[in-house]
Amino acid sequence: QVQLVESGGGLVQAGGSLTLSCAASGSGFSINAMGWYRQTPGKQRELVATISSGGSTIYADSVKGRFTISRDNAKNTVTLQMNSLKPEDTAVYYCNAHLKAAGTIYGTQYWGKGTLVTVSS
């Protein structure tokens, strides 16, 4: 019943900004960590940024200083603010969440369907 829904992708010129949002819908679960990954054809999916339930963050070296990840635990949302975008940032961005359903012992990994970000030069 859990779904991750992304929004905010689109086309932007180099140097511009975009904000990606992801909302976890459903009930009866708690989220341990959320993050964003990206992938282009011919390349392996790579980590962009993650944030724990306590607010600890990890960023890929390629986006440090340009991207900022945040979350709202009450709303089960995660946001990625992307500034100073470069053409190499072009990719499909996927929301990821590690969560535990109520009444279960083990956690489960969920993925969104992805949203396309295109940065033109």
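- Hydrophobic clustering, with ILVMFWY side chains joined whenever heavy atoms are under 4.5 angstrom apart, groups V119 together with Y59.
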- prompt: Stepwise, does the side chain to side chain contact (heavy atoms under 4.5 Å, CB included) test hold for S21 with T79?
  reply: CA-CA 4 Å; S21 296; T79 299; 3.8 Å; yes
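- Atom NZ of K100 and atom CZ of F29 lie 12.5 Å apart (nearest 0.5 Å).
- In this structure, the separation between OG1 on T50 and CG on L80 is 11.0 Å, given to the nearest 0.5 Å.
- Counting heavy atoms of neighbouring residues, nucleotides and ligands inside a 6.0 Å radius, atom CD of Q3 does not exceed 12 of them.
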task: Any chance you could lay out the side chain to side chain contact (heavy atoms under 4.5 Å, CB included) test for I31 and R71, step after step, and finish with the verdict?
output: CA-CA 11 Å; I31 301 176; R71 68 185 288 171; 3.5 Å; yes
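- E6 places a side-chain N or O within 3.5 Å of a backbone atom of G114 that can act as its donor or acceptor partner.
- Atom CG of N73 sits about 10.5 Å away from atom OG of S30, to the nearest 0.5 Å.
- Both I58 and Y37 are assigned to one and the same hydrophobic cluster, defined by single-linkage of ILVMFWY side chains at heavy-atom distances under 4.5 Å.
- Here the straight-line distance linking atom CG of D72 with atom OG1 of T77 works out to 4.5 Å at 0.5 Å rounding.
- The nearest pair of heavy atoms linking T19 to Q81 is OG1-OE1, 2.5 Å.
- In summary, D89 and K86 do not engage in a salt bridge, as defined by a charged side-chain N under 4.0 Å from a carboxylate O.
- A perpendicular orientation is assigned to the rings of W111 and Y94, their planes being inclined by more than 60° (bins at 30° and 60°).
- Between the side chains of S17 and N83, at least one donor-acceptor pair of N or O atoms lies under 3.5 Å.
- Within 6.0 Å of the CD atom in Q109, the count of heavy atoms belonging to other residues, nucleotides or ligands exceeds 12.
- The two atoms that bring G10 and L18 nearest to each other are O-CD1, 3.9 Å, heavy atoms only.
- When every heavy atom of C22 is checked against every heavy atom of L4, the shortest pair comes out as SG-CB, 3.9 Å.
- Cluster membership for V63 and V117, using ILVMFWY side-chain heavy atoms within less than 4.5 angstrom, is shared.
- Smallest separation of non-hydrogen atoms from A91 and T40: CB-CG2, 3.5 Å.
- Connection of F67 to V12 is established within a shared hydrophobic cluster, with ILVMFWY side chains joined at heavy-atom distances below 4.5 Å, either directly or through further cluster members.
- For the residue pair Q13 / S120, no side-chain donor-acceptor distance below 3.5 Å is found, with atom types taken as modelled.
- The line from CD1 of I69 to CE of M34 is 8.5 Å long, rounded to the nearest 0.5 Å.
- Looking only at side-chain heavy atoms (C-beta outward), W36 and I51 stay at 4.5 Å or farther from each other.
- The line from CZ of R38 to NZ of K43 is 7.0 Å long, rounded to the nearest 0.5 Å.
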Chi angles and distances behind the side chain to side chain contact (heavy atoms under 4.5 Å, CB included) call for C95, V78: CA-CA 8 Å; C95 179; V78 62; 3.9 Å; yes
